[in-house]
Amino acid sequence: MTYAVQMVTAFLGSMGFSILFNIRRTKLLIAGFGGALSWGVYLLFGAVLDDGPLRCFLAAVCVTVYAEIFARVKKTPTTSFLVPGMIPLIPGGALYNTMQYAIAGNWEQFGTAASYTIRVALALAAGIIVVSSVMRMVVAVIRFVRIRCIRPPQRK
Amino acid sequence: METEELLGLALDIGEEMLISGAEVGRVEDSVRRILTTYDVQRADVFTITSSIVVTVTDAKGKTLTQTRRIRKYATNLDNLHSLNALSRKICAEKPDSKAIRGELSQIHTGKTYPVPVLCAAFALIAGSFTLFFGGTALDAAAAALIGAILKFSVLLIDKTGVNMVFANVVNSFLVSALAFLCTTVGFGTHADSIIIGNIMLLIPGIGMTNAIRDIISGDIMAGILRFCESVVIAIAIAAGYSIAALLFGRWSL
């Protein structure tokens, strides 16, 4: 039940942010589903993995692939779907906990929460970078092969 | 086209992209591509989150530099989409300055959502994340109401033009105080969930992630700036929250 509520609210929350970012028409729905997808993957890996940041990394990889595909379909920068899709994963809650511990002067738990926040942010960034770098390499290889096939190098 | 005019136009596009929420790498890449489409020998672009510096050497060997200072961002991914399409078109078709200027002004007058819709979006986000972080339905209703009020407060503070830190302190204080007030009256039970739902609207989680993304992809300066910015905003939000907690005697966690 909680999972169902989280999936639906992840979708709605991502769509809400897409409105704030001025995303329009069908792209709104695509962005919203990106949010639901990222949280769904996170929950799914919860069955086998215990480590939050690692699950975030895998979810980030999935949502980046999703964003890259739909960015090409819709001919728009990847950011349009990537940023809203990341919303449920971003360490907003963890950052909130971190500062709450700091205010309470609970330094031991502050350290744990702060390092968790940074690790999640690192995992998300790494997930995005891995996919976008691989994507760039694949595109470069395809272009190279295509140019070679269509226009064979001329001999002087 | 005159080199000076070309440089100005390329910078206009780059500036708009950065304001709309493009990554630093994309801005540098787009500006360089636009410039090298035309008759220039060399183009060097350096961008951080708050400034763009471009130096071009034209075909006659004359060197020109222009900089732009970016003070404020307003994430607008629809604009970014149009700007990206424009820069692709420039590289493919090499249009003259008048055509580019026309397209740019068209992007400027592009549609944005009206304030009531944005207000509803704030309410939707706050309500959703209150549920997401384990609040009850009543908590979500309270959070949605506070979210709508928060939008007005954000707008008002934006008009006065105070600095980012103070604005965040005020907004976070408002949210926390209203949440404590609601739970005291009995409108909602978990002040924590209500506050966290609204704080998702303020907290720089995206900024933090983008900062690390910039650093990994080699834009270390931009990444460090963005990271510091996120930390400062997080501290400002914490300050606002703690003032409210002090006032309402909710110091214990």
Side-chain angles (χ1 to χ4, degrees), chain A residues 2 5-24 27 31 39 60 74-81 83-84 86-104 106 109 117-118 120-126 128-130 132-133, chain B residues 20-23 26 74-81 83-85 110-113 117-118 120-134 140 192 195-196 199-201 203-206 208-217 230 234-235 237-239 241-242 245 251-253:
Chain A
T2 4
V5 169
Q6 285 189 348
M7 289 289 285
V8 173
T9 49
F11 172 77
L12 290 176
S14 299
M15 214 159 83
F17 269 103
S18 314
I19 295 173
L20 297 190
F21 297 151
N22 201 25
I23 295 175
R24 297 191 159 263
K27 284 192 263 172
W39 194 250
K74 285 277 173 191
K75 292 200 174 19
T76 188
T78 320
T79 323
S80 304
F81 302 127
V83 171
M86 284 293 185
I87 295 282
L89 298 175
I90 58 164
L95 204 54
Y96 173 76
N97 286 336
T98 310
M99 70 193 199
Q100 241 188 354
Y101 291 132
I103 295 164
N106 194 340
Q109 283 190 300
T117 308
I118 300 282
V120 168
L122 256 174
L124 295 181
I128 298 170
I129 294 282
V130 165
S132 53
S133 306
Chain B
S20 305
E23 315 92 285
R26 181 187 295 278
T75 310
N76 184 337
L77 296 178
D78 193 50
N79 255 2
L80 181 57
H81 166 82
L83 289 162
N84 204 53
K111 271 194 252 167
T112 50
Y113 288 104
V117 175
L118 292 178
F122 261 64
L124 176 71
I125 294 167
S128 295
F129 280 107
T130 299
L131 283 173
F132 188 87
F133 287 109
D192 274 14
I195 294 172
I196 207 167
I199 280 196
M200 281 300 276
L201 287 161
I203 215 151
I206 299 170
M208 191 88 126
T209 308
N210 277 343
I212 294 174
R213 207 172 135 196
D214 282 341
I215 292 176
I216 298 179
S217 44
S230 324
I235 292 172
I237 292 171
Y241 167 80
S242 56
W251 198 249
S252 58
L253 290 166

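We use all heavy atoms of the structure for the numbers below, so side chains are in, but hydrogens, waters and symmetry mates are not. In what follows, chains are A, B, ... by sequence order, proteins preceding strands, each numbered from 1.
Both the backbone and the side chain of A:I87 come within contact range of chain B, judged by heavy atoms closer than 4.5 Å. Contacts between B:N76 and chain A at a heavy-atom distance below 4.5 Å involve backbone atoms as well as side-chain atoms. For B:Y113, the parts lying under 4.5 angstrom from a heavy atom of chain A are both the backbone and the side chain. Using a 4.5 Å cut-off between heavy atoms, A:K74 contacts chain B through its backbone alone, with no side-chain atom that close. With a 4.5 angstrom heavy-atom cutoff, A:A10 touches chain B via backbone and side-chain atoms both. Both the backbone and the side chain of B:L118 come within contact range of chain A, judged by heavy atoms closer than 4.5 Å. Heavy atoms of B:L80 lying under 4.5 Å from chain A belong to its backbone as well as its side chain. For B:A85, no part lies near chain A; criterion is any non-hydrogen pair under 4.5 Å. Contact of A:I128 with chain B is made through the side chain alone, with heavy-atom distances under 4.5 Å. A:I23 touches chain B through backbone and side chain together, each having a heavy atom under 4.5 Å away. The contact between B:L201 and chain A is made by backbone and side chain atoms together, counting heavy-atom distances below 4.5 Å.
For the residue pair B:S128 and A:L12, the shortest heavy atom distance occurs at OG-CB, 3.3 Å. The two residues A:A121 and B:I212 make their nearest non-hydrogen contact at CB-CD1, 3.5 Å. In this structure, B:I216 and A:A125 approach most closely via the heavy-atom pair CD1-CB, 4.1 Å.
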Could you give me the CA-CA distance, side-chain angles and deciding distance for A:V5 and B:F132, then say whether side-chain contact (heavy atoms from CB on, under 4.5 Å) is met? CA-CA 7 Å; A:V5 169; B:F132 188 87; over 6 Å; no
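Atoms CG and CG, on B:N210 and A:L124 in that order, are 10.5 Å from each other to the nearest 0.5 Å. In this structure, the separation between OG1 on A:T76 and CG on B:L77 is 8.0 Å, given to the nearest 0.5 Å. The distance from atom CD1 of A:I19 to atom OG1 of B:T112, rounded to the nearest 0.5 Å, is 13.0 Å. The NZ atom of A:K75 sits 12.5 Å away from atom CG of B:N84, with the distance rounded to the nearest 0.5 Å. Considering CZ of B:R213 and CD1 of A:I129, their distance stands at 6.5 Å, rounded to 0.5 Å. Once rounded to the nearest 0.5 Å, the distance linking CE of B:M200 with CG of A:L95 reads 10.0 Å.
Options A:S18, A:S132, A:P77, A:A60 differ in how many heavy-atom pairs under 4.5 Å they form with chain B, and the most are formed by A:P77. Most heavy-atom pairs under 4.5 Å with chain B: of the set A:L122, A:V8, A:N22, A:T117, this distinction falls to A:N22. With respect to chain A, the highest number of heavy-atom pairs below 4.5 Å among B:I125, B:D214, B:V117, B:I195 belongs to B:I125. Among A:A126, A:A94, A:S80, A:S133, the residue with the largest count of heavy-atom pairs under 4.5 Å with chain B is A:S80. Your options are B:I215, B:L124, B:I199, B:N79, and the one with the most heavy-atom pairs under 4.5 Å with chain A is B:L124.
Two residues are said to be in side-chain contact when any heavy atoms from C-beta on lie closer than 4.5 Å; B:H81 and A:K27 meet this criterion. Taking the side chain as every heavy atom from C-beta outward, A:T79 and B:E23 approach each other to under 4.5 Å.
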